[in-house]
Amino acid sequence: MIKIVKRDQPSKAIFFFTPVLAIFLTLIAGGIIFYILGFKPFEALKFFFIVPIADKYGFSELLLKATPLCLIAIGLSFCFKSNNWNIGAEGQLTFGAIVSGGVALLFYDQEGFFILPIVILAGAIGGMIYASIPAILKTYFNTNEILVSLMLVYVSKLILDYLVVGPWSNPEGFNFPETRQFSDSARLPLLFEGLRIHAGIFLALAAVVISWFVFYKTYLGFQMKVSGFSLKTAKYAGYKGKKMIILVFLISGACAGLAGVGEITGPIGQLHREVSPDYGFTAIIVAFLGRLHPVGIIFASLVVAITYLGAETAQIFMQIPKYTGQVFQGMILFFLLASDYLLFFKFKLIGSKK
Amino acid sequence: MNTNLKISNVTKIYPGCVANDNVSLEFNSGKIYALLGENGAGKSTLVKILSGVVIPDEGKIYLNKNILKLNSPSDAKKNDIGMVFQHFNLFETLSVFENLIIDSDEQRENLKEKIDTIMKKYNFSVDLDVPVLNLSAGQKQKVEIIRCLIRSPKVLIMDEPTSVLTEQETSELFLSLKKFSEEGILIIYITHKLKEVMQLCDEVAVMRRGKLVSVSQINNENIESLANKMVGQDLKTIKKKKENTSSEQLIKITNLNFTSEDPFETNLVDINFSLNRGECLGIAGISGNGQSELFQVLSGEIISNKNSIEFNKNFIGNLNPQERREYLMAFSPEDRLEQAAIPQMAIFENVALNNFKSSNFFNNGLINESKIKEHSKKIISEFNVNTDNIDLKSQFLSGGNLQKLIIGRELITSPDLLICFNPTWGLDVGAINYIHETLIKINEQNKSIILISTDTDELLKLSDKISVIHRGKLSKIMNAEDVTSEKLGILMGGGN
């Protein structure tokens, strides 16, 4: 007989094993779904997970998608590790893109090395401003940050919509909902000729290193962690707990804003209606799949990025709607949550012999 | 009509712990039964099973020989089992009557009539139209009892009902319970207070570690015999050595006031006291009379006027807790799991919460983990925390071990003053003894203690001076020898 027993304490090995298990289970479930849809499971999975990254173009696309996911997830990890449920990274990304796009448009007919830094900075500030709304409402008015940050996502998308069809739309653009092209000085440089991967990846890598250092090695990180778990404890220890909450939101807003910068100043080079295919929401899955750990988040962002690419190849080669990508993302989160049960419980074989 | 309630071979297993191990008990109306045991002995689980909150893994319950299926609290209500929980289930902002009508199926008028009859019969006086938040704890409890009586219960279960009551309110409650019992309601009284069992009950069942240890007539027992059954070992009695304390003043509080914006908090009014080195000042009171605010004001979580607190000849009223620690103050708050420690963090991380400049836990903004770990190991060995793994999350420590860790963390830096708030709340007798011994020891080292506690026995045992807090005001400071628990009870209830 098998019995379920509570673990005395969660095992470290299991902690990093369950994400792998979740991915494995997702593949199995995905295979079953493909089979039911009438495809050969292995072939379909190959189209989904291997074909898209088999060449150097595909690999560049993988890094391109993983960059914003990684960047946002790193920011979110600050919030989530300190129990602040910022669900609105998508909104912070959008608002960051709006602000940096606005700045880039100011300089649309100018060249100069100073433009790009200002555009990047503007994106980070935009994300921070947008993240400060749920943070301030939470700390000073006791609102629920999940609701506020989530609802603000839709507000930001409507603002963007208004701007690109209205005041900021390209005067020579035949009423297409998009702005002018940014000047080359406002664009993140491409890393390789012919590939779309751009310098934004360095922003993401820097975020990984800095976040690891701040959270694990500094007093500031320690105070953030304590304040997140309990404001009462923070007060008792003498920390400024409310400021810590605002700070983690600002960090996470800045990261999302930077991801927004990467989306518009990278290969696209203009603002348009859809700056992000829900990277801000998907990054929540990335953050948890990566166990809120900087290194884990790098791997998780690569895995989840494949689902974006796989969905596109699957649409082209197998005529499956590209929303299958979201199905896979959903399954990963589902299996991750389910297998986290193993963190706290273990199966024990109870045989006749003792 | 006679009521017979029978618990037969009930077992409830939680992961990692057997809460009830094959418990069988029988109750008959006309008597008051005590269910006695330490925290974690399994009383609450048994009571939750009787009130339908928890479903047992094995065993059956019979009411008047009929098998009872209790799958939810409403099943218990349907079967005339009433329950008054330790923590009141009342809506603070609704009126008493609104609270009573919420879960009643009766018409407004009928209900009102019924409540009036009950209040007359048992001599309860509660204003039905005031919001519950304006009631005293004793009155709130009466509302809970009325709520049960409306359904004319056969069985009434009271879970630790006196923890929030004054002595007077307690004796009123006991009179009512005796009256209910005479009228044929079967009363089950859960407590860990031995005196109350002797005063009130006819029969006593003792539980220990999930098992039923004994069932006996109260006439055959006394306080010592019950205590030994409850703890399972002979109790050491500790007594404070009365030594001459020094006359050097350590802390002086002058005209300290605190007015809160939160209507659920208590304002502090003109707090004045002083304390010498080596003394323990006990502050008694019923919870909710300003203790938590007083603790926060003393610890610096609430900042006050600079000159209102003089400590070691420095004025520190405007400093935050971390800054006060530098002047050698230490604090042990009431809430272990939500304030004094963070359960989800490792032991050594919890140690770092008490951070002195000289302890060098953080250099230039960086964490000095080896220093913290070294310090943690010292605390664990000096204060008998039962673990050797400082990477363990502190949620895996028992309440007693966690409290030892907290007290150890605060004391290892040898502060001049320790301010603690209910330091033994919810601990088992062994851990309580250890904490008490530690507190006595630091007094002997000429260090001072301010002990805010709702446990009068603890205060009488440890304090040199005692004061009572009532509605945010401190009574005059008395010498502990001149104080009896009766006198404290009167002051705690607002008398003179």
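All chains are named by letter (A, B, ...) in the order of the sequence lines, taking the proteins before the strands, and each is independently numbered beginning at 1. Computed from a predicted model, the values in this text were never measured in an experiment.
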Q. Counting distance only, does the side-chain N/O of T218(A) pair as donor-acceptor with the main-chain N or O of I367(B) below 3.5 Å?
A. no
Q. So, does Y236(A) use its side chain to make a donor-acceptor pair with the main chain of F331(B) at under 3.5 Å?
A. yes
Return yes when atom [atom1] of [X] has more than 12 non-hydrogen atoms of other residues, nucleotides or ligands closer than 6.0 Å, and no otherwise.
X	atom1	result
Y216(A)	OH	yes
N363(B)	CG	yes
F383(B)	CZ	yes
F91(B)	CZ	no

Structural part of [X] lying under 4.5 Å from a heavy atom of chain A:
X	result
F362(B)	side chain
R324(B)	neither
A352(B)	both

Q.
Does F222(A) form a side chain to side chain contact (heavy atoms under 4.5 Å, CB included) with L366(B)? I'd like the steps, not just the answer.
A. CA-CA 9 Å; F222(A) 185 75; L366(B) 300 184; over 6 Å; no
Q: Report the option among Q344(B), Q296(B), E369(B), E323(B) that has the most heavy-atom pairs separated by less than 4.5 Å from atoms of chain A.
A: Q344(B)
Q) Can you find a side-chain donor-acceptor pair between Y219(A) and N355(B) that sits under 3.5 Å? A)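 Their side chains do contain a donor-acceptor pair, which is all the 3.5 Å distance test asks for.
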(Q) Heavy-atom cut-off 4.5 Å, strictly under: side chain, backbone, both or neither for F213(A) against chain B? (A)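 Only the side chain of F213(A) comes within 4.5 Å of chain B.
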Q. Would D335(B) and K232(A) count as a side chain to side chain contact (heavy atoms under 4.5 Å, CB included) if you check the C-alpha gap in whole Å, the side-chain angles of each, and the deciding distance to 0.1 Å?
A. CA-CA 10 Å; D335(B) 203 331; K232(A) 274 166 93 180; 3.8 Å; yes
Q) What pair of heavy atoms forms the shortest contact from T233(A) to E338(B), and how long is it? A) OG1-O, 3.1 Å
**Q.** Which atom of P321(B) lies closest to which atom of G238(A), heavy atoms considered
**A.**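 That closest heavy-atom pairing would be CD-CA, 4.1 Å.
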(Q) Between K235(A) and Q339(B), is there a side-chain heavy-atom distance shorter than 4.5 Å? (A) no
Q. Hey, are the side chains of E349(B) and K225(A) touching, using non-hydrogen atoms and a 4.5 Å cut-off?
A.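 Side chain of E349(B) against side chain of K225(A), heavy atoms only: contact under 4.5 Å found.
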